[in-house]
Amino acid sequence: SWVISAFAIVGAGFGAPIGLAVDRIGAKRMVVGGLLFQALGSGLGGMAESAGPLILSRVVEGLGFVSVLVAAPTIIFATVSPGIRDRAIAVWATVMPVGMTVVMLAAPLFTYLEWRGFWMLNAAILLGYGLFFVASAPAATTAGHSQNIKEQLARVAAAPGPWGLAALFAAFAAAFFAIFGFLPALLTDQFGLSQNLASTVAAISVAASGLGNLAAGALMSAGRRPVHVLTAGFVAMIVFGFGVLAIDLTWPYVAGLAVLFSFMAGLVPVVLMGCLPKLAPRPDLVGATMGFAIQGNNIGMLAGPATAGALAASFGWGSVAMAVATVLVAAIVLAWRALPAQT
């Protein structure tokens with residue numbers, strides 16, 4: 001659990017400072033550095049001989065991952081024309097569901113590479129893409145800002161927008177991972193599915209989130225109000241969450257509802273990232289604001305599964321559905337208050 005948690009703890013604790021670094025030294029440098037840090041962390045993990053170095057390698061990898069996650073949208077906002085920006089952000093938002101699905105479906109490689117070889121393969125892919133990105137990304141994105149870090153941090157911390165964005169990301173991540181953190185276990189324990197079949201169902205469900213990302217981009221490009229799309233996503237997550245956790249159904253229905261839950265959940269991060277420039281206190285603090293958002297997202301990733309596990313053990317899966325609904329209702333209320341009036 002620490003090998004998993006170390007990765008998320010980095011984002012929960014250092015998202016905002018990493019965002020400030022993006023605004024200061026430049027988004028392209030942060031993406032390249034982040035990719036190289038991930039390659040280094042994955043390589044060190046593949047060579048680890050005990051738990052301590054393995055966890056440390058995950059911290060290194062987590063720092064690189066958060067750097068990329070914060071800096072990449074900044075590059076998109078700076079280089080993509082406004083007419084296709086929503087769709088570009090939607091494509092970028094598929095990074096998590098597509099990556100998670102690919103790794104889940106690549107599990108048979110463990111038979112041939114074992115876990116060390118698998119991590120070394122990740123290191124090689126990350127290193128290769130880092131070198132590719134150096135040559136392919138626009139050079140203009142290497143320019144950073146030179147404002148005083150304390151002044152930047154004070155401006156971001158004093159503005160309501162970054163805090164509202166962080167809270168919405170936290171609510172979304174807590175609800176999403178409260179369900180998908182335990183979906184394979186739910187399918188095996190309650191319905192008797194094999195681990196391979198349960199993992200396949202989970203992979204298909206997570207992949208549906210990527211399709212939801214793209215659908216959100218199309219809706220935003222068509223002129224839909226972001227707060228309406230966001231509300232639809234949250235409401236659907238409540239309804240389908242109850243179907244997955246609290247209603248006595250056979251496993252094919254539960255799997256179908258999990259796919260629908262994931263698809264509608266995919267609307268949420270695209271809308272929130274699309275609102276990012278409007279919620280930043282200044283145009284040059286988009287990176288720091290994104291850092292706040294990622295910090296909230298990772299706090300939700302940590303809190304959601306931990307809370308869901310405790311509730312399920314004490315009160316059953318229906319209590320998890322109630323907790324998810326409560327968090328998302330609060331998120332809907334916050335969205336209508338925190339997002340800009342024009343959304």
Side-chain angles (χ1 to χ4, degrees), residues 90 93-105 168-191 193 197-219 226 228-273 297 300-309 311-312 316-332 335:
T94 65
V95 62
M96 289 292 285
V98 170
M100 291 170 65
T101 302
V102 168
V103 170
M104 287 178 181
L105 296 178
L168 289 169
F169 263 108
F172 161 74
F176 187 88
F177 287 99
I179 290 181
F180 281 96
F182 295 98
L183 183 61
L186 180 70
L187 293 171
T188 55
D189 293 345
Q190 290 201 0
F191 301 102
L193 271 65
L197 181 55
S199 296
T200 301
V201 171
I204 293 171
S205 300
V206 171
S209 180
L211 297 177
N213 296 150
L214 299 177
L219 290 171
H228 290 168
V229 180
L230 191 69
T231 301
F234 282 145
V235 169
M237 289 173 71
I238 293 171
V239 174
F240 296 135
F242 269 99
V244 172
L245 297 175
I247 301 176
D248 188 15
L249 299 171
T250 59
W251 78 262
Y253 287 103
V254 170
L257 290 170
V259 169
L260 292 173
F261 177 96
S262 181
F263 176 83
M264 294 303 293
L267 303 178
V268 175
V270 175
V271 173
L272 293 179
M273 282 192 283
N297 185 77
M301 287 174 62
L302 288 171
T307 304
L311 287 173
W317 289 107
S319 65
V320 178
M322 288 295 299
V324 167
T326 301
V327 168
L328 293 179
V329 167
I332 292 170

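One is the number of the first residue; the rest follow in order along the sequence.
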Shortest non-hydrogen contact from Gly241 toward Ala321: O-CB, 4.3 Å
At their closest point, which heavy atom of Leu183 faces which heavy atom of Ala202, and how far apart are they? CD2-CA, 4.2 Å
Measuring from Thr307:OG1 to Phe177:CZ, what's the distance to the nearest 0.5 Å? 14.5 Å
With side chains defined as the heavy atoms from C-beta onward, is the minimum distance between Phe176 and Ser262 less than 4.5 Å? yes
Side chains of Met264 and Leu260: does their closest heavy-atom pair fall under 4.5 Å? no
Of Leu187, Leu186, Thr200, which is the lone residue that meets side-chain contact (heavy atoms from CB on, under 4.5 Å) with Leu193? Leu187
Note, Trp317 side chain near Gln190 side chain (heavy atom, < 4.5 Å): yes
Do you know which two heavy atoms are closest between Leu168 and Ala331, and how far apart they sit? CD2-O, 3.3 Å
Minimal non-hydrogen separation, Ser209 against Pro97, with atom names: CB-CB, 3.9 Å
Atom pair OG1/CG of Thr231 and Leu328 - distance to nearest 0.5 Å: 11.0 Å
Is there side-chain contact between Pro184 and Thr188, with heavy atoms separated by less than 4.5 Å? no
Ala207: partners by side-chain contact (heavy atoms from CB on, under 4.5 Å), with sequence neighbours left out: Thr101
Could you walk me through whether Leu214 and Thr94 pass the side-chain contact (heavy atoms from CB on, under 4.5 Å) test, one step at a time? CA-CA 8 Å; Leu214 299 177; Thr94 65; 4.1 Å; yes
Taking the side chain as every heavy atom from C-beta outward, state whether Met100 and Phe180 have any pair of such atoms under 4.5 Å apart. no
Ile238 vs Val324, test: side-chain contact (heavy atoms from CB on, under 4.5 Å). Steps then yes/no. CA-CA 7 Å; Ile238 293 171; Val324 167; 5.7 Å; no
So, does Asn213 use its side chain to make a donor-acceptor pair with the main chain of Gly266 at under 3.5 Å? yes
Below 30° counts as parallel, above 60° as perpendicular, anything between as tilted: where do the rings of Phe172 and Phe169 land? perpendicular
side-chain contact (heavy atoms from CB on, under 4.5 Å) filter on Leu249, not counting sequence neighbours, yields Ile247, Tyr253, Val254, Leu257
Are any of the side-chain heavy atoms of Leu230 and Val268 separated by less than 4.5 Å? yes
Partner residues of Ala90 under the side-chain contact (heavy atoms from CB on, under 4.5 Å) criterion, sequence neighbours left out: Val270
Over all atoms of both residues, closest heavy-atom pair of Ser205 and Val259: OG-CG2, 3.7 Å
How close do Ala323 and Leu311 get, counting heavy atoms only, and between which atoms? CB-CD1, 3.6 Å
